[in-house]
Amino acid sequence: MRRWPLKIKTGAYAALLTMLTLMVTAVFFFTILYHRQRKEVDDELLDNADELVRDLRNFRGAPVNPRHPLSAKFVPLDLREHHLMLMGPEGQLLYHSPNLQGASIEGPPGFRTVTVAGQACRAGSFKMGDFTVHVAMSLAPLEAFHADLRFGLLMTLPLIGVMVFAGGLWLGNRAVAPLAALSSAAEAISVENLSERLPTPPADDEIARLTVVLNSAFDRMRAAYTSAARFSADASHQLKTPVAVMRAGLESLRDSPEIGSAAREELDGLLRQVRRLTGLIQDLLLLAGTDARRLRLESQPFDLSDLAAEALDDLSVLAHDRLEVESALTPGLTVCADRRHVAMVSQNLVENAAKYTPEGGRVRITTKREGNVAHLSVANTGPALPEADREGIFERFRRGSQVGEGQTGHGLGLNIARELARAHGGDLELVRSDGEWTEFALTLPVGV
């Protein structure tokens with residue numbers, strides 16, 4: 001039920017709650033009704049006994065001696081349908097109903113439930129002057145009545161459940177309709193359309209207040225996002241010039257004949273750090289462009305397998321004969337994309353594969369077509385990535401736990417690669433990392 005729509009849950013819960021309420025109410029109602037009807041039976045038994053004794057005392061022709069047996073003609077007609085035993089002053093039996101068939105319904109004064117001839121009966125014993133009256137009445141009609149009530153309830157419950165479910169579904173649909181409209185409007189809010197807002201419902205209710213709160217949160221998010229994107233772009237632009245000047249100055253100083261070998265080695269180390277800073281600035285500029293959806297793509301048709309072949313050449317250089325390089329390229333695999341940016345993605349994948357493949361391992365580059373999608377995958381042998389690394393491997397500034405201290409990088413490569421792939425309408429995914437192969441796959445739409 002967790003995955004059911006809210007309107008279905010509303011109808012189901014309403015039906016279940018209604019049926020449960022009806023069943024609990026019916027139990028209490030039937031119990032009270034049964035005891036009330038049994039009280040009426042007890043009153044009728046007492047009236048019948050009182051009527052019998054009154055007739056014996058007042059009717060002409062009735063026996064004068066309370067110790068003489070009683071003829072059936074002195075028993076009222078109503079009592080003849082019930083079970084009756086009449087006892088004299090010393091407990092002698094004066095009358096015994098034929099329908100008792102020799103059974104006895106004697107008992108202490110008061111009311112009780114007994115079984116006569118296999119049927120439940122309500123019996124009462126009363127001491128009235130010289131007589132003791134034991135009278136019993138069958139409870140079969142009462143039990144049949146309650147059985148009919150229970151049967152009618154059981155037959156009616158499903159119909160009530162269906163009707164309540166339909167009503168709950170209708171109410172749930174009306175209640176969820178504003179939320180569905182908010183969800184549709186919220187889906188339209190994206191990086192490309194940050195100014196879009198949720199429509200405020202006309203009614204001043206909880207949903208309207210929620211809409212106001214969400215719109216206010218979207219305003220703050222838009223301001224924060226715009227500020228962050230602007231800062232990233234401006235800071236990167238502002239850093240480019242001084243870093244370029246620094247790099248040119250260091251190169252000029254390193255090439256000076258007056259610099260000794262120790263100082264020149266120190267300058268080489270500084271230049272390496274400047275180059276890393278230059279790469280970081282370029283990455284940040286690229287990320288700022290993808291975040292703001294201002295990345296300029298110069299898409300043209302080209303053969304993805306040719307680009308993969310160029311990546312193979314780069315991989316051969318990076319491998320330095322310490323790795324075995326494999327390939328399976330499908331020729332004529334044309335895509336329409338920005339070749340320079342796609343090359344950045346493939347270069348990142350190739351560099352990572354060469355960096356993290358153990359000595360003597362293998363790296364494999366393949367291209368293929370599946371329907372209208374072109375695939376470029378780069379796989380390398382080696383230990384499987386830890387589960388924690390797989391979950392956040394495409395996050396920014398996230399470096400894997402297996403990265404050594406001597407390995408360069410600042411945790412932006414895979415994030416930039418995936419953003420570039422998605423900017424082209426494709427994607428970059430970690431296909432597998434099972435201890436045998438770790439494989440990343442770039443997908444792009446096939447060019448016309």
Side-chain angles (χ1 to χ4, degrees), residues 186-196 218 221-222 224-226 228-230 232-233 236 279-308 310-311 333-353 365-379 385 389-400 409-433 438-448:
E187 290 177 351
I189 300 176
S190 61
V191 176
E192 298 89 349
N193 195 14
L194 287 174
S195 60
E196 189 72 23
F218 286 141
M221 291 174 60
R222 178 189 180 188
Y225 180 84
T226 304
R230 185 183 300 114
S232 177
S236 301
L280 178 59
I281 292 172
Q282 291 175 346
D283 289 344
L284 290 175
L285 280 172
L286 191 57
L287 282 175
T290 56
D291 287 344
R293 299 300 188 267
R294 292 195 299 265
L295 185 65
R296 297 182 60 183
L297 299 177
E298 298 178 359
S299 298
Q300 293 181 348
F302 67 91
D303 192 338
L304 185 62
S305 294
D306 288 346
L307 188 145
E310 296 175 4
L333 188 55
T334 303
V335 296
C336 186
D338 189 313
R339 183 185 176 92
R340 180 173 64 89
H341 287 137
V342 176
M344 292 175 63
V345 177
S346 65
Q347 181 182 6
N348 177 271
L349 297 179
V350 166
E351 290 178 353
N352 284 345
I365 300 179
T366 60
T367 60
K368 62 180 180 179
R369 174 173 178 169
E370 292 182 353
N372 293 324
V373 178
H375 295 258
L376 187 156
S377 65
V378 179
L385 292 172
D389 290 348
R390 299 182 200 181
E391 295 176 359
I393 197 167
F394 292 103
E395 294 180 6
R396 296 179 185 180
F397 303 103
R398 177 77 175 267
R399 302 188 71 193
H410 34 260
L412 287 176
L414 285 175
N415 180 266
I416 293 175
R418 186 175 65 172
E419 293 297 328
L420 290 174
R422 291 179 174 178
H424 288 82
D427 204 354
L428 178 64
E429 297 177 320
L430 173 63
V431 177
R432 64 169 176 161
S433 183
T438 296
E439 181 180 1
F440 289 87
L442 166 68
T443 56
L444 294 170
V446 174
V448 179

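The shown structure was predicted, so the numbers you read here are calculated from the model rather than taken from an experiment.
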- line: Here the pair of heavy atoms bringing H424 nearest to L420 is ND1-O, 2.7 Å
- prompt: Can you tell me how far CG of L444 sits from CG of D427, rounded to the nearest 0.5 angstrom?
  reply: 10.0 Å
task: Name all residues meeting the side-chain contact (heavy atoms from CB on, under 4.5 Å) criterion together with A417; count only those two or more places apart in sequence or in a different chain, and write none if there are none.
output: V345, N348, L428
field: Gap separating the OG atom of S305 from the CZ atom of R369, nearest 0.5 angstrom
entry: 11.5 Å
field: Atom pair CG/CD1 of N415 and I393 - distance to nearest 0.5 Å
entry: 11.5 Å
message: For E310, give me all partners under salt bridge (Lys or Arg N to Asp or Glu O under 4.0 Å), at least two apart in sequence or on another chain.
response: R339
task: Heavy atoms only: give me the nearest S433-T438 pair and the separation to one decimal.
output: OG-OG1, 3.0 Å
task: Would you please name every residue forming a salt bridge (Lys or Arg N to Asp or Glu O under 4.0 Å) with E370, sequence neighbours left out?
output: K368
message: Do T334 and F302 have side chains that approach each other closer than 4.5 Å (heavy atoms only, starting at C-beta)?
response: no
Reported CZ-to-CG distance for the pair R418 and L430, which is rounded to 0.5 angstrom: 11.0 Å
task: Measure across V446 and A374 and return the closest heavy-atom pair with its distance rounded to 0.1 Å.
output: CG2-N, 3.7 Å
query: How long is the gap from CG on L349 to CG on L414, to the nearest 0.5 Å?
result: 7.0 Å
field: Exam field: side chain R340 to backbone V342, donor-acceptor pair closer than 3.5 Å
entry: no
- prompt: About how many Å separate CZ of F440 and OG of S346, when rounded to the nearest 0.5 Å?
  reply: 14.5 Å
message: How close do L376 and A308 get, counting heavy atoms only, and between which atoms?
response: CD1-CB, 4.0 Å
